Structures are given as structure tokens and as C-alpha cells.
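Since the model is a prediction, treat every value here as computed from it, not as a measurement. What you see below is based on every heavy atom in this structure, not just the backbone, and it leaves out hydrogens, waters and symmetry mates.
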Amino acid sequence: MTVNSSATLLESPVLSPGRAGLGWGLLGVAAFSFTVPCTRVAVSDGGLSPLFTGSGRAVIAAALAVVALAVTRQRPPRGRQWARVAVVAGGVVVGFPVLTSFALTTAPAGHSAVVIALLPAATAVLAVLRGHERPPAAFWVMSAVGAVAAVAFAAVPGGGLAGLDWSDLLLFGAVLAAAIGYAEGGLLSRELGAWQTISWALVLSAPLMIALTGISLAQHPPAATPTQWAAFAYLGAVSMYLGFFAWYRGLAIGPMAQVSQVQLVQPVLTIAEAALLLHEPLTWPTILGGLAVIACAATAVRTRLGRTASAGRK
């Protein structure tokens, strides 16, 4: 496995770059959609502290990353790449997991999707600013409509926007952190490879996360059930590591602004999973709203794909 192994899909004779990136992005979103419900399970009833949940899962993922990097003998990042790895680590290894873990001690999983539904729009904006992409106006219109639809959809089962409190402020911070980490990670994956990027980010942040995990264990010894430990294991192995294999590969293939829009289906999946795992209410308006969100995401993606295909024929 080479450093740039994830870049080979750019030259795929079967799929266009846009469609290949979209497929990998959808796989990553499917993996991430369980993050909020699993975090809610882990921190409920005081089983696992939010600090332990947010930092401990990064320790698990870092252990997996060390093994993967050592076995495949990956070349470390060079020079300024380390600074970019630090940006990724700050966004998706430290910022998003820790902030959401604290927020979900009080916020229901469904309500949390109200704010997290803004992540596709935030990622698209940062992808344009950081990656110098130029999506057409129609893409921005459909992305904005999709963001509004996603927030409205998530607000139905979560109690609406009237109940915003400190937990929502934490979620806003988590969205910004994740969007920065996604945009920078997508670009860096073109140089280091998708799984290598998240692996080095985990390794770089490991000392801090180990220290935070130790502090959380001293302050709040775990008293978790087997179900809570299973949720925590998923967070460490999939949400914090394996899911990024697909997600960063999709962003690296790009265009990032387009691939980011598949996140619009994440609140749909999250609320369905919250209904299944946490028995949170799932109503017909929620189902119909979810279908509307998916339609907006599909339209935004098709708009960008159509423009890419037209440019290729010129």
C-alpha cells in the first residue's frame, strides 16, 4: 500500500471522478450517521463521562492508526504538511468528538441533528475558500435549500429551534471544527492518501488525548453497561477511524463542494437510527421531511455532476 494509494481512483476508467467521489462520500456518511446515537448511548445515565467518550475513542483509533502505519511503513508528512495535519487533528480528532460528547449529555440525538444538519453547507463554503473550487450558482441555491430543509427536518422530532441552549452552542462549535477538518483533510488526502491523513492526525493528537483520557478516568471511573461499551467501541473504531477511510477518499477525489452535499442525508439516517436505537419519536412529517432532504441533496449533486460532464466535453 503506497502513500498515494487513495489517489488511484482519480484515473478510474469506469467512474468519473465526481461519481467515484460521491460513492465513497456516501459510504463515509453512512458510517458517521451512527456517531450521534452512539455518543448519546455512551454518555447516557452517567455510564461514560463526556470527556472520556470524546478523548478515549481517539485513543482507540490512534492505536489502530499506529499499527496500520507501522505495518505498511508509511512515510511521515514533511514540513508544512505537519501543520495541516494539526488542523485536521484539531477539527475531527479533538474538536468535533469532545464538543458533541458534552452537548449530548443533555441534548437528544434527534435535536442535535438540528445544528449538525448545517455541516454540509459549512463544508462546502470552506472547500470553496480553501480548495479554490468554483461551483455554479445553481449548486449554491440547491445547497442552501438543502441546508434549510435539513434543519427544518431535524427540528421536527427534536423540538424545533425554540429550545436552543448551551448544548447547541457546543454543537455549533463542533460543526465549525468538523467543516475545517473535512476541508483540510480532503486536500491533504490528495498528497498523503485518505487513510494516511486521518492516521497521522490521530498519532499527532495521541499525547493530548491520552492525557485527557487519564484525567477523565481519575475524575469519573466508568460505570458503563455492555451496550454503552459497544457504542464506545463503534465510536473509536468506525466513527473516529474507519469511516474516514471512505470520507476523505471521497473528498480527495472531489469536487469537495459537491461531495460535501451527501452529508445532507446524514440527519435523515441519524434520526432514523435514533428512533431504532434510542426509541426517539419518528412521525410521518419526519419521514416526508427526510425524503425532501434527500431530494435536495440529489439535485445539488446532479447540478454539479452535470456541469463537470459538460466541461469534460468541451
Side-chain angles (χ1 to χ4, degrees), residues 28 31-32 35-36 39 50-66 69 74 76-104 112 115-116 118-131 167-216 235-236 238-245 247-252 256 260 263:
F32 293 150
T35 299
V36 169
T39 303
L51 182 58
F52 177 81
T53 303
S55 59
R57 62 179 168 181
V59 175
I60 293 176
L64 296 175
V66 168
L69 291 170
Q74 296 297 309
R78 297 179 177 179
R80 295 183 61 184
Q81 287 179 333
W82 278 115
R84 298 171 65 190
V85 169
V87 172
V88 174
V92 302
V93 179
V94 181
F96 186 84
V98 173
L99 291 174
T100 54
S101 294
F102 277 98
L104 285 162
S112 300
V115 180
I116 295 177
L118 297 173
L119 185 53
T123 303
V125 170
L126 287 168
V128 168
L129 294 176
R130 184 67 181 86
S167 64
D168 295 296
L169 296 179
L170 293 177
L171 289 168
F172 278 120
V175 165
L176 180 59
I180 293 172
Y182 286 168
E184 192 62 47
L187 290 172
L188 192 56
S189 293
R190 297 173 182 175
E191 302 173 22
L192 300 179
W195 73 267
Q196 294 93 332
T197 296
I198 187 61
S199 294
W200 288 117
L202 287 162
V203 169
L204 183 63
S205 59
L208 172 62
M209 304 312 278
I210 290 172
L212 292 176
T213 301
I215 292 172
S216 67
L235 292 172
V238 181
S239 296
M240 196 75 262
Y241 194 48
L242 298 179
F244 282 97
F245 285 36
W247 180 240
Y248 274 157
R249 176 168 288 190
L251 290 176
M256 281 196 295
S260 70
Q263 293 174 101

- Task: With sequence neighbours excluded, tell me which residues meet ring pair (Phe, Tyr, Trp, His ring centres under 6.0 Å) with Phe102.
- Result: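 Once residues adjacent in sequence are excluded, Phe102 has no partner under the ring pair (Phe, Tyr, Trp, His ring centres under 6.0 Å) criterion.
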For [X] and [Y], work out which heavy atoms get closest and say how close.
{"X": "Val238", "Y": "Ala31", "value": "CG1-CB, 3.9 Å"}
{"X": "Ile198", "Y": "Met240", "value": "CG1-O, 4.0 Å"}
{"X": "Val94", "Y": "Ser205", "value": "CG2-CB, 4.4 Å"}
{"X": "Pro77", "Y": "Val85", "value": "CG-CG2, 4.0 Å"}

- What pairs with Arg80 under side chain to side chain contact (heavy atoms under 4.5 Å, CB included), at least two apart in sequence or on another chain?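 For Arg80, no residue satisfies side chain to side chain contact (heavy atoms under 4.5 Å, CB included) once neighbours in sequence are set aside.
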- Non-neighbouring partners of Ser239 that pass side chain to side chain contact (heavy atoms under 4.5 Å, CB included), sequence neighbours left out: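 In terms of side chain to side chain contact (heavy atoms under 4.5 Å, CB included), with neighbours along the sequence ignored, Ser239 is linked to Thr35, Tyr234, Leu235.
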Only pairs under 3.5 Å count here: list side-chain donor-acceptor contacts from residues 57-64, not counting sequence neighbours, and write none if there are none.
unit_1, atom_1, unit_2, atom_2, d
Arg57, NH2, Pro97, O, 3.2

Side chains of [X] and [Y]: closer than 4.5 Å at any heavy-atom pair?
{"X": "Trp200", "Y": "Gln81", "answer": "no"}
{"X": "Trp82", "Y": "Pro76", "answer": "yes"}
{"X": "Val92", "Y": "Tyr248", "answer": "yes"}
{"X": "Val93", "Y": "Val88", "answer": "no"}
{"X": "Thr100", "Y": "Leu170", "answer": "no"}

Interatomic distance, [X] atom [atom1] to [Y] atom [atom2] [nearest 0.5 angstrom]:
{"X": "Gln196", "Y": "Leu188", "atom1": "CD", "atom2": "CG", "result": "10.0 Å"}
{"X": "Leu192", "Y": "Leu187", "atom1": "CG", "atom2": "CG", "result": "11.5 Å"}
{"X": "Ile210", "Y": "Ile215", "atom1": "CD1", "atom2": "CD1", "result": "12.5 Å"}
{"X": "Phe96", "Y": "Ser101", "atom1": "CZ", "atom2": "OG", "result": "9.0 Å"}

- Excluding sequence neighbours, so at least two apart, what forms side-chain hydrogen bond (donor to acceptor under 3.5 Å, both in side chains) with Ser55?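 Expected list: Thr213.
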Please table the atom pairs, donor to acceptor, closer than 3.5 Å between any side-chain atom in residues 174-185 and protein atoms at least two apart or in another chain.
unit_1, atom_1, unit_2, atom_2, d
Glu184, OE1, Arg130, NE, 2.7
Glu184, OE2, Arg84, NE, 2.7
Glu184, OE2, Arg84, NH2, 3.4
Glu184, OE2, Arg130, NH2, 3.3

- Ring geometry between Phe245 and Tyr241 (parallel below 30°, tilted from 30 to 60°, perpendicular above 60°):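 Perpendicular.
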